[in-house]
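Since the structure comes first, as structure tokens, the remarks are kept for the end.
Atoms within each ligand, like the ligands themselves, are counted from 1 in listed order.
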Amino acid sequence: MYIDTHAHLLDKKLPKIEEVIGNYLSVGVEKVINMACCLETARECVKMAEKYESVYFGSGIHPQDIKDVTDKDLEEIAKIATHEKCVCIGEIGLDYYWDKSYKEIQKEKLIKELEIAKALKLPFSFHSREATLDTLTLLKDNREKIEFGGVLHCFSGSKDTAREVLNLGLKLGLGGTATFKNAKYIKEVLDYAPLDSIVVETDCPYLAPEPFRGSVNEPKNIPIIVRFIASQKNTDEIEVAKLIYKNSCEVFKKLV
Ligand SMILES: [Zn+2]
């Protein structure tokens, strides 16, 4: 019924993993994509996916961790990504919020990660923070490397940005931030974006949706996000859930 397309199940802020899994399975979240942030978490993601049936994963290096990454590290990321339960390259992207000092390194290594995605015929989960223009420019300039699609995760851009993302053949990943009271953009984005362009995610343990904002987020909160989208779209919640599930399987083909 539901898929959480972007979570961080290794994060210590979460309760015990068995409890987290029990919680989400009981509300109909069938699959969760556990995103790596660095080489070490990618290795841990493999172990968790091998242990728990509902857990899949992404292999990739987050922009905050990319600075000192070597080609050899990226080779291992690519090798891990050949695992049967690795459904994407992620999370990868551009982040100018924490540190603007190595923008060029971020871009250069991101392109190498997109090359891995293409070589392995995998989609990607893309993190973009305070880097919208560079994100769109880089993706447009590297169109041939993104032919297997991907998701702009935690999308919180304008309608115009959404249009550009969809024109690139990518999907919008909506999570808890969409439900925040100050998320004025989301109404416009949801009025514009067709339902088949949307997947949902928690990015847990962060960004719990309303009315739980500020608390530890878990994949069990996915139905809240789907319900919010259905209400904004004035559409039946079950139909929206089914369609979003289908979209997730279309992007992340190794989920099925
Ligand atoms: Zn994330």
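Taking a cutoff of 4.0 Å between a charged side-chain nitrogen and a carboxylate oxygen, Glu75 and Lys79 do not qualify as a salt bridge. Note on Glu188 versus Lys159: no salt bridge recorded, every NZ/NE/NH1/NH2 to OD/OE distance being 4.0 Å or above. Between Arg43 and Glu76 a salt bridge is recorded (basic side-chain N to carboxylate O distance below 4.0 Å).
Glu30 has its side chain out of reach of Ser54: every pair of non-hydrogen atoms, C-beta onward, lies at least 4.5 Å apart.
For the Zn ion (ligand 1), the count of nearby protein N/O/S atoms, taking only those under 2.8 Å, is 4.
A donor and an acceptor atom, one from each side chain of Asp73 and Thr70, are located under 3.5 Å apart.
Other residues sharing a hydrophobic cluster with Phe252 under the 4.5 Å side-chain heavy-atom criterion for ILVMFWY residues are Ile3, Ile33, Met35, Tyr56, Val87, Val151, Val199, Tyr245, Val251, Leu255.
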